[in-house]
Amino acid sequence: MNIQDNAKKYFDENGENWLIDGYEQSGHNYPTALHRVRVTKNILSQLEDVSHLLDVGCGGGQLAFSIAELGVTVTGVDQNEKMIQTAQAALSGMPGPVRDSISFELKSVDQLALENSNHDALTAMGLIGYLKDDETLFKAASKNLRKNGYLIVSFRNRLFNLFSISERTLMEAESGNFARLVEEISQWDEEVDEKTTLDFVTALHAITGQILENKHLLSEPKRLPSETRGKSYASKMEPRQTTPKESIETAQKCGFKQISFSGIHPHFSVPRLNKALPPQVYNRISDSLVPFENSSLSLLWSSVFIGVFQKID
Ligand SMILES: C[S@@+](CC[C@H](N)C(=O)[O-])C[C@H]1O[C@@H](n2cnc3c(N)ncnc32)[C@H](O)[C@@H]1O
């Protein structure tokens, strides 16, 4: 089965659970998709010349609903029929003006790549890792953006493999990629100034103090039987990962320049501590690192990053 069919099957079987895990803060779960929507909305609200957005891999439409509040017209496309049905059902319950500014279509990235349109911006949250390579999305975006249009993409952060001390760390070691990743991390680290580093230490100190004061947080049972992360999935599909530097190289190859990066889902320590602590303790510490999401410091400890790119011609 090719990767596109695999992704179709995966979201057919797990789409409903994925939407719950992506957006709900319960048990040990961290709502990464919710943070991606927050950051993307913030980015788009600062761009003055965006009135038409194409959201690719729109899922249940959460980003479209949020961006429409900025007065932007949104077209959401997804290859998964169930996702489009979910998005349509949610849209039909919305007030008239919202309904008029959003539409959803069943369409794959490959189909988009055969079309030409002039959108001001294109977003792709949680999508690119399910494509055969990153270029596929950048090329489709190039054909569907106007000159100087913006591409906002979330990636699974490959640099995080060095921080997670997990099977993926071993995989990088075994495949001989360690040195290259360490070198990239060192380059991003060089951009971090002393003030940011001190602010980071202060933030960690403050949040651990708050947690210790809120004794009830620590007395909650460590593992809630049905509420840990998160839902049980019928099948597994690990999305591909990318480093920030790799994304810049692909962008340049496809006629884009990189504007900014934001780290999403920050981890103060190895992820396995999450379930060793009572629910939400680890995640509250993650939330205390959100103020650093636009610093390159975040590119080491965040398992996801959002890149903003601009089409050059
Ligand atoms: C992880 S979900 C993210 C959904 C939504 N963007 C969000 O953040 O809530 C990924 C979505 O990409 C869609 N997708 C995967 N491969 C695709 C492809 N080749 N073309 C279009 N959509 C695709 C899936 O059906 C799924 O809805």
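Remember, it's 1-based here, ligands and their atoms both numbered in the order they're listed.
Electrostatic pairing of Lys253 and Glu249 does not count as a salt bridge here, judged by no charged N lying under 4.0 Å from a carboxylate O. Salt-bridge formation is not detected for the pair Lys8/Glu81: no Lys NZ or Arg NE/NH1/NH2 atom is positioned less than 4.0 Å from an Asp or Glu carboxylate oxygen.
Taking each heavy atom of Gln241 and Asn157 in turn, the nearest pair found is NE2-O, 3.7 Å. Pairing each heavy atom of Trp188 with each of Pro244, the nearest pair is CZ2-CB, 3.6 Å. Shown here for Pro266 and Ser286, the closest heavy-atom pair between the two residues is O-OG, 2.7 Å.
Side-chain N or O atoms of Tyr10 include none that pairs as donor or acceptor with a backbone N or O of Tyr130 at under 3.5 Å. Counting only distance, with no hydrogens or angles, the side chain of Ser298 and the backbone of Glu293 share a donor-acceptor pair below 3.5 Å. Judged purely by atom type and a 3.5 angstrom limit, Asn14 uses its side chain to pair as donor or acceptor with the backbone of Ala234.
Using a 4.0 angstrom heavy-atom cutoff, Leu131 counts as in contact with ligand 1. The closest approach between Gly22 and ligand 1 stays at or above 4.0 Å for every heavy atom of the residue. Proximity of Gln111 to ligand 1 is not established, as no heavy-atom distance is less than 4.0 Å.
Taking a cut-off of under 4.0 Å to the non-hydrogen atoms of Gln79, the atoms of ligand 1 that pass are 15 (C), 16 (N), 17 (C), 18 (C), 19 (N), 20 (N), 21 (C), 22 (N), 23 (C). Short contacts between ligand 1 and Met83, defined as distances under 4.0 Å to a heavy atom of the residue, involve ligand atoms 27 (O). Atoms of ligand 1 found under 4.0 Å from any heavy atom of Arg36, numbered from 1 in the order shown, are 8 (O). Numbered from 1 in the order shown, with element, the atoms of ligand 1 that lie under 4.0 Å from a heavy atom of Leu127 read 12 (O), 14 (N), 15 (C), 16 (N), 17 (C), 22 (N), 23 (C). Taking a cut-off of under 4.0 Å to the non-hydrogen atoms of Asn80, the atoms of ligand 1 that pass are 25 (O). Of all the atoms in ligand 1, the ones that sit under 4.0 Å from a non-hydrogen atom of Tyr23 are 7 (C), 8 (O), 9 (O). The atoms of ligand 1 that sit less than 4.0 Å from any heavy atom of Lys107 are 21 (C).
At a 3.5 angstrom cut-off on N or O pairs, Met125 counts as close to ligand 1. Backbone and side-chain nitrogen or oxygen atoms of Val109 are examined, and one is located within less than 3.5 angstrom of a nitrogen or oxygen of ligand 1.
Among Ile3, Asp78, Leu19, the residue whose heavy atom sits closest to atom 27 (O) of ligand 1 is Asp78. Of all the listed residues (Ser108, Gly126, Gly57), Gly57 holds the heavy atom that lies closest to atom 5 (C) of ligand 1.
Under 4.0 Å from ligand 1, the heavy atoms of Cys58 that appear belong solely to its backbone.
Between the side chains of Asp199 and Thr202, not a single donor N or O lies within less than 3.5 Å of an accepting N or O.
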- Start with the C-alpha gap between Arg240 and Asp134, add the side-chain angles, then the distance that decides, and say whether salt bridge (Lys or Arg N to Asp or Glu O under 4.0 Å) holds. CA-CA 9 Å; Arg240 278 184 315 103; Asp134 291 353; 2.7 Å; yes

